[in-house]
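Worksheet for the structure shown next.
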Amino acid sequence: MALMKSLPKEYYQQLEEIQAVDFVVYELVLYLDTHPNDSQAIQQYNQYAQYSKQLKTQFEALFGPLQFGTAVKNKQEWEWSTQPWPWQV
Amino acid sequence: MTQESNPFRRSFVPFRGRFDPCPPLGKRTFVTPPNLFIGFQPPDFPQFSPIEALKKGTLWKPFYDFYESPYKK
């Protein structure tokens, strides 16, 4: 069952880290749209995209599904539609 | 009333017609964003750290554009 009481501190720390890394990925995507052959930025984009994926799998291993459509660990119970919902976080 | 410290802050006096019933607004100020002066972004721009970029709203240091109210608190 998802965590009913208040969420642990790590939950918020990891979520903020994921938000920050995803923001950098978005900024780099927008930058690369107008600067297609900036190889240094592409290399940085690859780093952050890979890091973001790693953070998300780590988060999902601890706190349940975060992204739509990724494989879930909990085979007995479907946690995607249980609490906490995004606005309850 | 308005801080002149910010070099990007500009001001204008709105036009007031002869038959305008409302009192004059006086000088109005606005802040011009940095992207007006940078043009095409050069490569290897200085960047913020991810957490700071999330808080500041942009990844690139020169594009950071905050707004301070010129009026006293």
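Proteins get letters first, then strands, A, B, ... in listed order; numbering begins at 1 in each.
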* To do: Examine A:Ile42 and B:Phe45 and state if one hydrophobic cluster contains both, with Ile, Leu, Val, Met, Phe, Trp and Tyr joined whenever side-chain heavy atoms are less than 4.5 Å apart.
  => yes
* By number, which residues in residues 18-26 of chain B have some heavy atom less than 4.5 Å away from chain A? -> none
* Do A:Leu28 and B:Ile38 belong together in a cluster built from hydrophobic side chains that touch within less than 4.5 Å? -> yes
* Applying salt bridge (Lys or Arg N to Asp or Glu O under 4.0 Å), which residue pairs with at least one partner in residues 80-89 of chain A are found, sequence neighbours left out? -> none
* To do: Check the hydrophobic clustering (I, L, V, M, F, W, Y; side-chain heavy atoms under 4.5 Å; chains of links allowed) and say if A:Val21 and A:Phe63 are grouped together.
  => yes
* Asked: Above 12 or not: heavy atoms from other molecules or residues under 6.0 Å from CZ of B:Phe40?
  -> yes
* Looking at A:Phe23 and B:Leu59, what are the two nearest heavy atoms and their distance? -> CE2-N, 4.2 Å
* Transitively linked via ILVMFWY side-chain contacts under 4.5 Å: A:Leu62 with A:Leu55? -> yes
* To do: State yes or no: do A:Val89 and A:Leu66 share one hydrophobic cluster built from I, L, V, M, F, W and Y residues joined by side-chain heavy-atom distances below 4.5 Å, directly or via other members?
  => yes
Are there any donor-acceptor pairs closer than 3.5 angstrom between chain B and chain A, and if so, which ones?
| residue | atom | partner | partner atom | Å |
| --- | --- | --- | --- | --- |
| B:Gln41 | O | A:His35 | NE2 | 2.6 |
| B:Gln47 | OE1 | A:Gln44 | NE2 | 2.8 |
| B:Gln47 | NE2 | A:Gln44 | OE1 | 3.1 |
| B:Lys55 | NZ | A:Glu16 | OE2 | 3.1 |
| B:Leu59 | N | A:Glu27 | OE1 | 2.9 |

* Asked: Excluding sequence neighbours, so at least two apart, what forms ring-ring contact (aromatic ring centres under 6.0 Å, His included) with B:Phe37?
  -> B:Phe8
